[in-house]
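Quick caveat: nothing in here was measured; it's all calculated off a predicted structure. Order of the sequence lines sets the chain letters (A, B, ...), proteins ahead of strands, with each chain counted from 1.
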Amino acid sequence: MPIIQVRNIAKTFYLPQPIPALRDVSVDIEAGETVVVIGPSGSGKSTFLRCLNRLEYAEKGTILIDGVDILDPRCDINAIRAEVGMVFQSFNLFPHMTVLENLTLAQRAVRKRSRAQAAERAMALLQKVGIADKYQARPEQLSGGQQQRVAIARSLAMDPKIMLFDEPTSALDPEMVGEVLDVMKTLSREGMTMVVVTHEMGFAREVADRVLFMDQGTILEEGPPEHFFTAPKHPRTQEFLSQILAF
Amino acid sequence: MHCPAALDRPKGKGYFLFWRSVFALGLGLALFAMYQASVSVEYIWRWNRVPQYFWTTEAIDIHATQEGEVSRVERSGETAVIVLRNPSGEERYVVPTATLRVDKGDLVSPGDVLGTTTRSRPGLLLEGLFVTLEVSFLAILGGTVLGLMTGLARISTNPALRWSAITYIEIIRGSPLLVQIFLWYFVVGTVVNQLMTRWDVAPIDPLWYGVLALSIFSGAYVAEIVRAGIQSVHRGQMEAARSLGLTYTQAMARIILPQAMRRILPPLAGQFISLIKDSSLLGVIAIRELTKASREVVSSSLQPFEVWIVCAILYLVLTFTLSLFVQYLERKAI
C-alpha cells in the first residue's frame, strides 16, 4: 500500500477573492520513493506539499498518510506530524535556542525521550549532516547552508517515515546549495520517503524516482526523470522546461 | 549605536560643545526662573521641615495606672525603674532617666505622668510610598496575568474567547481610569461589602478595590502588547514547531512566547510605568498612597513647593528603578 495516498484534493485561498490553489490533485507515493515536484510559481506545488502534513487543510478529497485519514478531524494530527518531517525554504530554526536544543526539544516533548537519549540522537544526526562541532552555536551564527542542514537534522531527529522539502535551497547563496543537496541525496539513497518541491533540475534528474509537473493547481504530467526531461508530452511542460533549461 | 546624523556631513568638536552648553544653560535658567518666581510670591523655602515626614520620632508619656507611693527609684544609666507601692502590691515602670518626673516618697494618682519615652516610626511620605509600591506591585502582577490570558484569547480562533477579549479590551480602554476606580469602589464595592456584612464577614479593604481597578485597567493594555508581540514572531516559527508534532500549547509556551517576550518587554515597561503613576488616582477611594499622603503633608506642613517636588522625585525613583530592571531583563532575554 502506498505510504501517501492523495485523492482528488482541492484547496482555495480567500484573499478575500477566491484563488484556487489546488484543483483535483491525486497521487500515490510508495515508501522509499523520492518524488520531486516542479512547476512555475503559483502552480500550487507548495500548497500541495503543505497539505500532506495539514499545515494547509485540503477542503475536498482524502489524504491517507500511512493509512490514516489526516483530513478526519478526529485523527491525532500531532502524532502524524511527528512521522512527517518538514524542511522549509526559510529554515525556521528556533533562534532563541542552541542548535542542540533545536534538535532535542521535540524529541523530548513529543517522543518523550530522556535528555540523554535526545542529545545522543541529536549528536548522531549533526554528525551525519556534518556540523557536529556547531552544536552549541545559535542559528544566527551559522551560514544559510549550515542552518538548513540543522533544520533537516531537526526533522530527522523525530525519526519520521516521510520527509517533505519545501524549496529547501531557494533561500541559499549558490555556493551553499550543494552541501544541502548532498545531505538530501544521502537520505534518498538510504531509502527515506521524500517529497521535494524544488527548482534544482539537476537534483531532480539525479535523485528523483518520479517527477511531478504542476501547473495551475493540477498535476499536468508525471514520470521518471529520464523520460520527463528528455521527452515531455504536455506542451506546457515543454514550455516550462525550455524556459528553465535555457540557461 | 546608529546615529541619524551620520547621514549628514560629520559634525565638528565645537558643534557638540556649543549645543551641550546650550542645554546646560537652559537647565540652569529654568531652575533659576523657578526660584525667582517663588521669591516673587514671597515663598519661604523650608527644606528642613521635610525629613520629619519620612521618619518621625514622637514623644510618648508614661502614665501611672494606679494610685500609690513611689517606694524606690532604681537608676541604672540610661533607664530608671520606678517602683510604686500601694496596699494591693507593687507596680514597676521603666522610664528614661533624663525624663524622670517623680522621686522617692512622691504620692501618685492614676494618670500622672512619670516620664516620657520616644518612639520613631516611618513618616507619612514613606508610608505613602510603601502603599504606592504595594498597590503597584500587586497590580503589575494582576495585570500581567490578566493581560497574558487576554492576549492569548484575543488571537484564539474560538469566538467566545476572542469576542470576550475584544469586549473587555474595548470597554476598559474606552473609559477613564478615574471613572473605573469609582465604579469598582462605589458600585461593586458597595454591593460586595453589603453582602459581606450580611454574611458576617469583614468588609474588603479599599486597597484591594484599587488593586483590582488598576489590574483590570492595565490588563487590557498588556493584552494588546502581548498580542502584538506574539504576532510579530514569524509565522514560520509556529509552522516549524507544529510540523514537528508539538501541540499548539507546547509551541506557544516553548517557541513563540519566549521570542515574543523580547519584543513585549519594552512596551510592557512603559505600561507599568504608567501604572505606577496612575496609582496616584487611588487617593480618591481613601487609599493613602504617595499622592494622598503628600496632600496631607502639604496641609499640615504648609510647604507645598517642597512636598510636591519631593513627591514627584519619589515617583521618579520608582519608575526609574522599574525601567532599569526591565532593561536588565531585556539584556538577559536573548
Side-chain angles (χ1 to χ4, degrees), chain A residues 46 49-57 76-98 101-112 118 138-141 147-148 150-166 171, chain B residues 1-2 144 148 151-152 155-163 166 225-269 326-334:
Chain A
S46 278
L49 195 73
R50 290 161 61 82
C51 281
L52 296 183
N53 66 349
R54 224 174 81 179
L55 284 188
E56 302 291 350
Y57 208 110
D76 181 359
I77 191 64
N78 295 320
I80 304 285
R81 282 177 180 153
E83 303 292 340
V84 183
M86 188 166 210
V87 175
F88 300 85
Q89 180 178 347
S90 51
F91 328 137
N92 295 345
L93 293 179
F94 307 135
H96 59 301
M97 296 178 172
T98 64
E101 286 165 344
N102 264 276
L103 266 70
T104 52
L105 172 74
Q107 291 190 64
R108 300 188 60 204
V110 181
R111 290 282 190 228
K112 307 293 178 203
R138 298 257 174 190
E140 71 205 9
Q141 297 167 309
Q147 288 193 45
Q148 193 61 297
V150 171
I152 294 173
R154 178 176 68 180
S155 291
L156 290 176
M158 301 299 286
D159 296 310
K161 293 180 179 145
I162 300 166
M163 285 287 284
L164 309 176
F165 293 84
D166 190 1
Chain B
M1 205 180 107
H2 290 281
T144 308
L148 191 62
L152 288 171
I155 56 170
S156 162
T157 47
N158 180 329
L161 285 176
R162 193 170 71 247
W163 293 344
I166 293 174
I225 293 170
V226 167
R227 179 183 66 87
I230 289 173
Q231 287 177 341
S232 77
V233 177
H234 192 269
R235 53 174 283 181
Q237 291 290 314
M238 184 53 113
E239 288 181 353
R242 295 305 303 276
S243 79
L244 289 167
L246 295 174
T247 64
Y248 177 84
T249 315
Q250 284 172 329
M252 191 51 92
R254 307 290 295 273
I255 306 299
I256 306 299
L257 281 180
Q259 292 182 60
M261 201 44 80
R262 213 177 138 71
R263 279 165 256 202
I264 287 174
L265 274 173
L268 205 60
V326 172
Q327 278 176 30
Y328 161 78
L329 283 185
E330 249 177 279
R331 272 199 306 274
K332 258 184 65 173
I334 298 291

Work out which heavy atom in B/Ala240 is nearest to a heavy atom in A/Phe94; give both atom names and the distance.
-> CB-CE2, 4.1 Å
Under 4.5 Å from any heavy atom of chain B - which part of A/Leu164 | neither
Say you draw a straight line from OG1 of B/Thr247 to CD1 of A/Ile77; how long is it, rounded to the nearest 0.5 Å?
-> 13.0 Å
How about A/Arg111: does its CZ atom have over 12 heavy atoms from other parts shown lying under 6.0 Å from it?
-> yes
Given side chains that start at C-beta, do those of B/Arg242 and A/Asn78 come closer than 4.5 Å, heavy atoms only?
-> yes
About how many Å separate CG of B/Leu246 and CZ of A/Arg81, when rounded to the nearest 0.5 Å?
-> 10.0 Å
A/Phe88 portion near chain B, given a 4.5 angstrom heavy-atom threshold = side chain
Atom pair CG (A/Asn92) and CE (B/Met238), whose distance is rounded to the nearest 0.5 Å = 12.5 Å
Of all the heavy-atom pairs spanning A/Glu56 and B/Arg235, show the shortest one and how long it is.
-> OE2-NH2, 4.5 Å
With a 4.5 angstrom heavy-atom cut-off, which part of B/Glu239 approaches chain A: side chain, backbone, both or neither?
-> both
Close side-chain approach of B/Ile255 to A/Met97, heavy-atom, < 4.5 Å = yes
When rounded to the nearest 0.5 Å, the distance separating CG of B/Leu257 from NE2 of A/His96 is 9.5 Å
OG of B/Ser243 to CZ of A/Arg154, rounded to nearest 0.5 Å, is 6.5 Å
Residues of residues 103-110 of chain A under 4.5 Å from chain B (heavy atom pairs)?
-> A/Leu105, A/Ala106, A/Ala109, A/Val110
Residues in side chain to side chain contact (heavy atoms under 4.5 Å, CB included) with B/Ser232, at least two apart?
-> B/Arg263
